[in-house]
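Here the structure is a predicted model, which is why all the values come from computation and not from measurement. Both ligands and their constituent atoms are indexed starting at 1 by order of listing.
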Amino acid sequence: MHIALLSRNRNLYSSRRLIEAAEARGHTVRVVDTLRCYMSIVSHDPSIHYRGEELEPFDSVIPRIGASVTFYGCAVLRQFEMIGTHVLNDSVSIARSRDKLRSLQLLSRKGLGLPITGFAHSPDDIPDLITMVRGAPLVIKLLEGTQGIGVVLAETNQAAESVIQAFMGMKANIMVQEYIKEAKGADIRCLVIGDKVVAAMKRQAADGEFRSNLHRGGSASIIRITPEERSTAIRAAKAMGLRVAGVDLLRSNHGPVIMEVNSSPGLRGIEAATGKDIAGLIIEHLEKNSMPRHRVPPKPKG
Ligand code: ADP
């Protein structure tokens, strides 16, 4: 196969591993910097240009689109889809997963386990919003946050009200969520490929911290997940339409609850914690699922 890796940086661990795994299996990879693509959207003949030339045909595209370039990245990926190129995760699924509100709404429609969650922008009755999610302790989140930034634990209703007021002053979209205390600062990252969880790790928050993000000092270790957690992760990826996803779960008293479904899961933490060749499994998945490159049939003679 000839694969395009849509990535801003070929030196990131995940990019390097995917290139390595593809080449080890006899494939060729071209790293295409998402933001440098430019496109023509003509009827019947959409194309993508890069460094002054039209991009060659690819058998498959692996999108690694950072949160900060979601809008343009999804437009580039959509263009590949219009040309008829197979993509690992499609643009609609990635756009869905980047919108926390949209994701939770889709997951709740499928009846999947979620923390009790409220959304608001400018609530005129904050105490009612707090009561709606059953009162403190509460987690309040900025919708646009990543890597645990903008996630605050409010221990009392009064603290929750002040934080909500502060966020409201920023004119931000906010999420108010039941605090899953029994998770004890740990979450579970399930790596889903196709219809399987191929690896799972537990991330434990640093002492005195409830956010388990590795960027916030959390530590990762391998974990055995329950059949219910496994099926929740698979159904969550499917509800989003993602073929490769990192599904984050918390262990709550009412079963596994989904925190987030990530469409470009990082490979470093999970490969290190589990010792598994996740990049290799992603390429294997492509081998089984990408279609042979579209070829123009020869013109009939005469
Ligand atoms: P981000 O997308 O910025 O990483 P998350 O919503 O995933 O934000 O929250 C970051 C971390 O904070 C989670 O991985 C989890 O450890 C912790 N956390 C978030 N929400 C809750 C909650 N409702 N109850 C308990 N812990 C939570």
Quiz item: In ligand 1, which numbered atoms sit nearer than 4.0 Å to a non-hydrogen atom of E260?
Solution: 2 (O), 7 (O)

Self-check item: Identity of the nearest option to atom 20 (N) of ligand 1, non-hydrogen atoms only, from M175, R189, K141, K184
Solution: K141

Quiz item: Hey, which atoms in ligand 1 end up nearer than 4.0 Å to a heavy atom of K100?
Solution: 1 (P), 2 (O), 3 (O), 8 (O)

Quiz prompt | Option whose closest heavy atom lies nearest to atom 19 (C) of ligand 1, chosen from M259, R203, R216 | solution = M259

Practice problem: Please lay out, stage by stage, how R251 and D187 fare under the test salt bridge (Lys or Arg N to Asp or Glu O under 4.0 Å). | Solution: CA-CA 7 Å; R251 284 185 167 163; D187 80 347; over 6 Å; no

Quiz item: What part of R211, side chain from CB on, backbone N/CA/C/O, both or neither, has a heavy atom under 4.0 Å from ligand 1?
Solution: both

Exercise. State the atoms of ligand 1, each with its element, that fall below the 4.0 Å cut-off from a heavy-atom position in E178.
Key: 22 (C), 23 (N), 24 (N)

Quiz item: Which ligand 1 atoms does V151 reach within 4.0 Å, using its non-hydrogen atoms?
Solution: 8 (O), 9 (O)

Quiz item: Side chain of D59, backbone of H2: donor and acceptor closer than 3.5 Å?
Solution: yes

Quiz item: Does anything in residues 70-80 pair up under salt bridge (charged side-chain N to carboxylate O under 4.0 Å, His left out), and if so which pairs, sequence neighbours excluded?
Solution: none

Practice problem: Decide side chain to side chain contact (heavy atoms under 4.5 Å, CB included) for V197 and L191; before the verdict, give the C-alpha distance in whole Å, the side-chain angles of both, and the deciding distance to 0.1 Å. | Solution: CA-CA 6 Å; V197 175; L191 207 297; 5.8 Å; no

Exercise. Indicate, as side chain, backbone, both or neither, the part of L250 found under 4.0 angstrom from ligand 1 when only non-hydrogen atoms are considered.
Key: side chain

Self-check item: Stepwise side chain to side chain contact (heavy atoms under 4.5 Å, CB included) check, M259 with Q177
Solution: CA-CA 10 Å; M259 280 281 102; Q177 200 164 61; 3.7 Å; yes

Quiz item: Is a donor on one side and an acceptor on the other found under 3.5 Å between the side chain of K276 and the backbone of V198?
Solution: yes

Quiz item: Is E271 salt-bridged to R17, going by a charged N under 4.0 Å from an acidic O?
Solution: yes

Quiz item: At a 4.0 Å cut-off, with the gap strictly under it, does some heavy atom of D187 reach an atom of ligand 1?
Solution: yes

Practice problem: Please work out whether any backbone atom (N, CA, C, O) or any side-chain heavy atom from C-beta onward of I180 is under 4.0 Å from ligand 1, and answer side chain, backbone, both or neither. | Solution: both

Quiz item: Any donor-acceptor pair under 3.5 Å linking the side chain of E81 with the backbone of H86?
Solution: no

Practice problem: Could you list which atoms of ligand 1 come closer than 4.0 Å to a heavy atom of Y179? | Solution: 24 (N), 25 (C)

Quiz item: Counting only heavy atoms, which portion of P115 has something under 4.0 Å from ligand 1: side chain, backbone, both, or neither?
Solution: neither

